[in-house]
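Scope of the values below: all heavy atoms of this structure, side chains included, with no hydrogens, waters or symmetry mates.
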Amino acid sequence: MTKPIYLDHAATTPTDPRVVEAMLPYFTETYGNPSSTHRFGRSAERAINTARETIAGILNCSPQEIVFTSCGTESDNLALRGAVLAARRQGKPARIVTARSEHHAVSVTAEQLAGTAGVGVTWLPVTREGRVTATALSEHLTPDTTLVSVMYANNEVGTIQPIRDLAEVAHTCGALFHTDAVQAAGQLSLDVQALGVDLLSLSAHKFYGPKGVGLLYVRSGTDLLPSQTGGSQESNLRAGTHNVPLIVGMAKALELAYSDLEARAAQFRRYRDRLIDGILSSVLGVQLTGAPGQDRLPNHASFVLEGVEANALLMHLDMNGIAASSGSACNTGNPQPSEVLLSMGYPPALALGSLRLTVGLHTTDADIDRVLAILPEAVQKVRMVRQAQLSQ
Ligand code: PLP
């Protein structure tokens with residue numbers, strides 16, 4: 001059997017062997033608790049401090065502004081919950097302004113806060129390409145807005161948002177600006193000064209780091225309460241013993257990605273564009289979703305296909321050795337149309353036929369050739385089966 005082709009790097013990436021190597025001593029040799037005062041603890045603390053400095057260099061912030069968490073979801077939760085809890089503690093009204101096209105880590109958190117904590121939520125409109133515009137944001141901002149949360153790049157359709165402009169608009173109203181940069185990391189600049197953000201979420205497993213570790217950048221002076229309480233770790237913003245090996249691994253993965261960013265992005269773009277051009281020219285009834293060219297993530301190709309049920313197509317591709325996705329990994333197996341595509345104005349029937357192909361460091365031209373050879377026939381077969389079922 002030929003080697004399977006993995007085109008689901010937006011769901012997760014393999015951990016780089018150099019990252020694994022960097023992590024290993026922190027499981028068995030330097031295993032102290034960084035909060036302990038003895039030499040074992042101090043060695044572990046030094047490793048955490050070095051990781052923090054490395055990451056701060058890439059984000060262009062101070063090391064004290066990095067809060068280590070267990071994943072991107074936790075970082076998003078801390079940003080949203082932390083900001084509204086802090087506002088409520090001061091007796092201020094609290095409102096989150098965000099969009100239905102956000103990852104569930106943001107949109108479901110906003111919904112829950114609205115349902116249980118009396119927090120207002122404003123849902124911003126998005127364009128057909130999945131963009132939140134500065135004009136739309138300024139039209140929807142109200143003086144009671146605590147936090148605006150708009151992701152840097154969309155996980156389902158790859159659209160890159162105008163973060164700097166959006167942050168500027170949020171600040172004119174005195175609101176904080178958070179961006180979920182989970183998909184952007186390893187592909188776009190994470191310079192928080194250039195982006196102008198107050199809060200930014202990352203997750204290591206999307207950039208060849210380990211699963212189960214992330215971070216939240218918190219601009220100095222931002223009023224935030226912890227969403228997980230207990231010990232005083234991470235400047236009282238995230239209680240819990242540090243996961244030293246994973247934090248070391250995240251720093252190593254980020255360092256590798258940003259020492260080679262332009263080359264990686266150029267390589268991704270070449271494969272992405274081969275996929276997009278090839279699929280648009282060989283498959284009937286297909287549309288690219290999200291923004292084209294420079295306005296989409298370098299590794300991201302996504303489509304909707306008329307008359308196709310995504311899960312049937314994904315199973316067919318999997319049988320042919322191609323691992324793809326219909327959008328968010330968290331929604332695979334859930335035959336509901338994607339809220340992201342619905343918010344972009346796609347009708348439910350078309351939104352059910354979504355396909356996402358995300359390339360990575362180990363993707364080859366031969367992989368792309370094989371996908372382009374198999375996909376048109378796979379789509380045709382899935383359509384024929386569906387037609388036959390409908391006519392029964
Ligand atoms: N935000 C975005 C945009 C994502 O794509 C994901 C993961 O798919 C997350 C947040 C959640 O990250 P994690 O898997 O680390 O919880």
Side-chain angles (χ1 to χ4, degrees), residues 12 15 19-20 22-56 59 61-86 88-89 103-106 108-109 112-113 116-117 147 178 180-182 185 198-207 209-220 222-254 330:
T12 197
T15 309
V19 170
V20 175
M23 287 164 58
L24 283 177
Y26 296 94
F27 286 103
T28 51
E29 292 163 31
T30 310
Y31 54 81
N33 184 329
S35 301
S36 302
T37 46
H38 49 63
R39 67 192 59 216
F40 292 84
R42 289 200 304 274
S43 302
E45 192 190 16
R46 271 196 296 278
I48 297 276
N49 289 343
T50 306
R52 211 186 286 285
E53 279 162 24
T54 302
I55 295 170
L59 270 60
C61 65
S62 120
Q64 288 67 41
E65 294 176 308
I66 306 287
V67 176
F68 292 122
T69 65
S70 67
C71 59
T73 301
E74 188 193 332
S75 305
D76 288 344
N77 268 263
L78 175 56
L80 269 64
R81 290 183 199 286
V84 298
L85 274 176
R88 297 306 291 257
R89 184 178 59 171
H103 190 272
H104 278 172
V106 166
V108 173
T109 304
Q112 198 221 35
L113 287 167
T116 56
L147 176 93
H178 166 247
D180 172 337
V182 168
D198 304 298
L199 299 151
L200 176 142
S201 304
L202 294 185
S203 173
H205 73 99
K206 307 287 186 177
F207 49 85
K211 293 170 185 57
V213 63
L215 67 85
L216 181 68
Y217 156 75
V218 182
R219 186 176 290 280
S220 167
T222 303
D223 196 12
L224 211 63
L225 279 182
S227 53
Q228 176 164 304
T229 48
S232 60
Q233 291 95 346
E234 296 301 286
S235 316
N236 283 312
L237 276 175
R238 201 279 180 174
T241 301
H242 291 96
N243 194 330
V244 183
L246 269 64
I247 290 170
V248 167
M250 174 162 64
K252 180 72 182 175
L254 208 58
C330 314

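Nearest approach of P245 to Y26, heavy atoms of both residues: CG-O, 3.6 Å. Contact detail for F207 and A253: the closest heavy-atom pair is O-CB, 3.6 Å. Contact between S203 and G72 at its shortest, heavy atoms only, is CB-N, 3.6 Å. Closest of all the heavy-atom pairs between A185 and L202 is CB-CD2, 3.7 Å. The shortest heavy-atom contact between A79 and L147 is O-CD2, 4.2 Å. Smallest separation of non-hydrogen atoms from G231 and N236: O-OD1, 4.4 Å.
Remark: R42 CZ to S35 OG distance equals 13.5 Å, nearest 0.5 Å. Atom NZ in K211 sits 5.0 Å away from atom OG1 in T15 (nearest 0.5 Å). Separating the CG atom in L59 from the CG atom in L215 is a distance of 6.5 Å, to the nearest 0.5 Å. For the atom pair E65 CD and T222 OG1, the distance stands at 8.0 Å (nearest 0.5 Å). Atom CG of L200 and atom CD1 of I66 lie 8.5 Å apart (nearest 0.5 Å). Between atom CE of residue M23 and atom CD1 of residue I247 there is a gap of 10.5 Å, rounded to the nearest 0.5 Å.
Proximity of L237 to L224: side-chain heavy atoms (C-beta onward) are separated by under 4.5 Å at one or more points. Side-chain contact between L85 and S227: absent, with no pair of heavy atoms (C-beta onward) separated by less than 4.5 Å. Here the side chains of L199 and L216 are in contact, with some heavy-atom distance below 4.5 Å. Side-chain contact between P63 and N49 is absent, with no heavy-atom pair separated by less than 4.5 Å.
With S201 as reference, D76 is the one residue of N77, D180, D76 to meet the side-chain hydrogen bond (donor to acceptor under 3.5 Å, both in side chains) rule. Paired with E234 under the rule side-chain hydrogen bond (donor to acceptor under 3.5 Å, both in side chains), one option of Q64, R52, Q228 passes, and it is R52.
Remark: side-chain polar atoms of H38 are paired, donor with acceptor, to backbone N or O of G41 under 3.5 angstrom.
Residues that satisfy the salt bridge (charged side-chain N to carboxylate O under 4.0 Å, His left out) test with R46, not counting sequence neighbours, are absent from this structure. When the side chain to side chain donor-acceptor pair (under 3.5 Å) test is applied to S70, the partners found at least two apart in sequence or on another chain are E74.
Side chains of T30 and S43: a donor-acceptor N/O pair is absent below 3.5 angstrom, by distance only.
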